[in-house]
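To find a chain, count down the sequence lines: A is the first, B the second, and so on, and within it residues start at 1.
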Amino acid sequence: MKRERAPNFYRRVYAETKRIPRGKVTTYGTIARVLGSFRASRAVGYALMHTPMDENIPWQRVINARGTISIGGNADRPAVQKRLLVREGVHFDKSGTVDMKKYFWEP
DNA sequence: GGCTTGACGCTTA
DNA sequence: GTAAGCGCCAAGC
């Protein structure tokens with residue numbers, strides 16, 4: 001998980017994620033585009049998956065293009081993520097979808 | 001060094 | 001409007 005030789009790509013993803021202001025959310029594609037590869041959405045997701053909690057990175061503000069939270073495996077993580085976003089002022093739809101039109105943030 | 005998997009995105013049916 | 005397939009980058013085996 002924690003690699004001393006953290007790839008530059010990871011650091012970029014973390015940096016962009018930390019740039020997200022409170023009450024705003026972004027998508028993997030946006031992060032990938034900022035990094036220089038719009039189609040690297042998968043790599044971005046993979047990087048966030050390895051997001052070290054030591055850095056206190058708001059990975060919860062990064063969601064997919066649909067505005068919904070994926071993961072699926074542990075239902076605890078998305079639950080906490082949704083809770084954090086709602087606590088920050090992000091409104092969630094009853095289906096668990098975020099209104100990207102209002103909360104979508106891009107650099 | 002090559003193949004497969006993975007928090008996705010976009011296009012086509 | 002919903003469903004399925006292809007493509008991208010990066011890491012793991």
Under 3.5 Å, is there a donor-acceptor pair between the side chain of A:T26 and the main chain of A:W105?
yes
Below 3.5 Å is the cut-off: list the nitrogen or oxygen pairs between protein and nucleotides 9-13 of chain B, distance only.
{"residue": "B:dG9", "atom": "OP1", "partner": "A:A65", "partner atom": "N", "Å": "2.8"}
{"residue": "B:dG9", "atom": "OP2", "partner": "A:A65", "partner atom": "N", "Å": "2.8"}

As a test of reading the structure: which of C:dG12, B:dA7, C:dA10 is closest to the side chain of A:Y10, going by heavy atoms?
C:dA10
Can you measure A:L48 atom CG to C:dA10 atom C1' for me and round it to whole angstrom units?
13 Å
Pick base, sugar-phosphate or nothing for A:A43, based on heavy-atom distances below 4.0 Å to the nucleic acid.
base
For atom CG of A:D93, decide whether the heavy atoms of other residues, nucleotides or ligands shown that lie under 6.0 angstrom number more than 12.
yes
Start with the C-alpha distance between A:H91 and A:K102, add both sets of side-chain angles, then the distance that settles side-chain contact (heavy atoms from CB on, under 4.5 Å), and finish with yes or no.
CA-CA 9 Å; A:H91 176 68; A:K102 297 174 57 174; over 6 Å; no
Would you mind reading off the distance between A:Y46 atom OH and C:dG7 atom C1', rounded to a whole angstrom?
19 Å
If you define the side chain from C-beta out and look only at heavy atoms, does anything of A:E16 sit under 4.5 Å from A:L35?
yes
With sequence neighbours excluded, residues passing side chain to side chain contact (heavy atoms under 4.5 Å, CB included) with A:A47
A:Y10, A:V13
Can you tell me which residue pairs pass the ring-ring contact (aromatic ring centres under 6.0 Å, His included) test with a partner in residues 26-46 of chain A, sequence neighbours excluded?
A:Y46-A:H50
Here the distance between atom C1' of C:dG12 and atom NE2 of A:H50, to the nearest Å, is 9 Å
For the pair made of CZ in A:F9 and P in C:dC8, what is the distance, rounded to whole Å?
15 Å
